[in-house]
Amino acid sequence: MTSEIAPHLLAWYDRHHRSLPWRVTPDDRAAGVINDPYAVWLSEIMLQQTTVKAVKPYYERFLERWPTVKQLAGAEDEDVMRLWAGLGYYSRARNLIACARAVADDHGGRFPETAEGLSKLPGIGPYTAAAIAAIAFDESVAVVDGNVERVFTRLYSIDTPLPKAKTEIKARVSEALPKTRAGDFAQALMDLGATICTPRSPACAICPLLEDCEAGGAGNPEAFPVKPPKKVKPVRLGAAFVASRPDGSVLLVRRPDKGLLGGMRVVPTTDWTARQDGATDTDAAPFPASWEKKGQVIHVFTHFELRLNVFHALVTSDDKSAGTFDAFLDARWSDAEDLAGEALPSVMKKAITIALPEAFRPRKPGKD
DNA sequence: TACTCGTGGTT
DNA sequence: TAACCAAGAGT
């Protein structure tokens, strides 16, 4: 028998689709309006493991600053990292730059039009390649993200734990694909997952796929998808050293391109790579000064909790020891008025705020 | 396959 | 409030 999933879903999508900055409405699509592949790509990279609400302002700022992929390809690396700061998963920003330059240099400024071609570009994996191909180029491919995994494990009561279940999920999605409207189908599934088929307390009563859904019929949708048990987060200890000068400038260094917070600006810190490096005193300070402990930042990363002791020192002009920072990458003093615009990850804004409560406070223009 | 890689919002 | 979660990719 033929699956009725696509017709049911697309009819619902036509009425209930979300309105999003990077999305062309179904009506406009039907009228021939084409999605800009660059805009689709940019939004999809930002949306990886990131909520729509968090992405919106970043997406708007990026598109305004760099309206085309060629312009983004010509951007300074640090300018991109500055605009990405706060969004997390910073390897995405580094891959964003690499991908833009690959498209500009190797593809004449045009994105490949198939999932196969797209997936060869940096930062574009199986999901993103399929999403761009379907939404921007109407390729009929299965677009499987966390929403689709949830919807389809419920539709067919797939109790194989993720990620092992992905093979079966992709097969089920493929057989449900409509002959046209591949992009709308993909986005409709994601909208359904985000608004109806939610992780907890799904709204089965108003779901357009209720009559197609095994778990919905059985009344146990929350039993799916089955996920492996998660591990406990270890605690790591470290220290951050905020050095400031009388004019309010702050010493920043840059982290190596690879690894945690790669390519981002930070104040000098201990490694906090070990489970507990225990460097909570001034032994590990970048240079001798009157370091004073100001407090502790507790920041939860994906796979560990960081407890960062924050030290501050006011460095005066006659402090000769504060001149060489050979152990650090690209050390420089950031002016007080520039600090908010630096490529600082959230954990570093927290740490600097402990030492300098006024550092990121909006200041009145015209004063001082 | 399993681990690394951020952050802020919900429940 | 601790746990869970969000349009995953790279290694």
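Computed from heavy atoms alone, side chains included, the values below leave out hydrogens, waters and symmetry copies. Residue numbers start from 1 in every chain, and the chains themselves are labelled A, B, ... in the order their sequence lines are given, proteins ahead of strands.
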Please work out if A:Thr128 contacts a base, only the sugar-phosphate, or nothing of the nucleic acid, heavy-atom cut-off 4.0 Å.
sugar-phosphate
Selected nucleotide, minimal atom distance to A:Glu44 side chain, candidates C:dA6, C:dG8, C:dA7
C:dA7
Using whole Å, report how far CZ of A:Phe224 lies from P of C:dC5.
15 Å
For the pair made of NE2 in A:His303 and P in B:dG6, what is the distance, rounded to whole Å?
8 Å
Distance check needed: C:dA9 C1' versus A:Ile45 CD1, whole Å only.
9 Å
Quickly work out the A:Tyr127 OH to C:dA6 P distance and round it to whole Å.
13 Å
Is it the case that the base of B:dG9 and the side chain of A:Thr51 share a donor-acceptor contact (distance under 3.5 Å, atom types as modelled)?
no
What do you reckon, is NZ of A:Lys166 surrounded by more than 12 foreign heavy atoms closer than 6.0 Å?
no
Nearest-Å distance, CZ (A:Arg265) to P (B:dG6)?
17 Å
With nearest nucleotide decided by heavy atoms, which residue, A:Leu20 or A:Lys230, maps closer to the 5′ end of DNA chain C?
A:Lys230
Mark yes or no: A:Arg255 above the aromatic ring of A:Trp272, with NZ or CZ under 6.0 Å from the six-membered ring centre and no more than 45 degrees from the axis.
yes
Choose from C:dG10, B:dG6, C:dA7 the nucleotide whose nearest atom is closest to any side-chain atom of A:Arg18.
C:dA7
A:Arg92-A:Gln48 side chain donor-acceptor pair, cut-off 3.5 Å
no
Considering only side-chain heavy atoms of A:Phe301, which listed nucleotide, B:dT7, C:dA7, C:dG10, is closest?
B:dT7
Check the angle between the aromatic planes of A:His299 and A:Phe301 and answer parallel, tilted or perpendicular using the 30° and 60° thresholds.
perpendicular
Side chain of A:Ser346 only, please: which of C:dA9, C:dA7, B:dT7 is the nearest?
B:dT7
Would you mind telling me which of B:dG9, C:dA7, B:dG6 lies closest to the side-chain atoms of A:Lys53?
B:dG9
Is there a side-chain contact between A:Tyr90 and the phosphate of B:dT7, meaning an N or O under 4.0 Å from OP1 or OP2?
yes
Which is true for A:Gly259 with a 4.0 Å heavy-atom rule: it touches a base, it touches only sugar-phosphate, or it touches nothing?
sugar-phosphate
Would you please confirm or rule out a distance under 4.0 Å between OP1 or OP2 of C:dA6 and any side-chain N or O of A:Gln49?
no
To the nearest angstrom, the CZ-P distance between A:Arg92 and B:dT7 comes to 11 Å
May I ask you to say what A:Leu87 touches in the nucleic acid, namely base, sugar-phosphate or nothing, with a heavy-atom cut-off under 4.0 Å?
base
Span that lies between the C1' atom of B:dG6 and that of C:dA6, in whole angstrom:
12 Å
Sugar-phosphate, base or nothing in reach of A:Val148, heavy atoms under 4.0 Å
nothing
Return whichever of A:Arg200 or A:Leu260 has its heavy-atom-nearest nucleotide of DNA chain B closer to the 5' end.
A:Leu260
When you check the gap from the basic side-chain N to the acidic O, do A:Glu78 and A:Arg332 get nearer than 4.0 Å?
yes
Looking only at side-chain N and O atoms, does A:His299 come under 4.0 Å of OP1 or OP2 in B:dG6?
no
Given C:dA9, C:dA7, B:dT7, which nucleotide is nearest the side-chain atoms of A:Val347?
B:dT7
Less than 4.5 Å apart, any side-chain heavy atom of A:Val226 and any of A:Thr153?
no
note: A:Lys120, atom NZ; C:dA9, atom C1'; distance rounded to Å ~ 17 Å
What contact category does A:Val55 fall into here, base, sugar-phosphate, or nothing, at under 4.0 angstrom with non-hydrogen atoms?
nothing
If the cut-off is 4.0 Å, is A:Thr50 near the phosphate of B:dG8, judged by side-chain N/O to OP1 or OP2?
no
Please give the distance between the C1' atoms of C:dA7 and C:dT11 as a whole number of Å.
22 Å
What's A:Gly86 touching, base or sugar-phosphate or nothing? Going by heavy atoms closer than 4.0 Å.
sugar-phosphate
NA contact type, A:Trp22, heavy-atom cut-off 4.0 Å: base, sugar-phosphate, or nothing?
base
Quickly work out the A:Lys350 NZ to B:dG6 C1' distance and round it to whole Å.
10 Å
Full working for side-chain hydrogen bond (donor to acceptor under 3.5 Å, both in side chains) between A:Asp247 and A:Ser249:
CA-CA 6 Å; A:Asp247 65 358; A:Ser249 58; 2.7 Å; yes
For A:Lys233 and A:Gly125, find the nucleotide of DNA chain C closest to each by heavy atoms; which residue's nucleotide sits nearer the 5' end?
A:Lys233
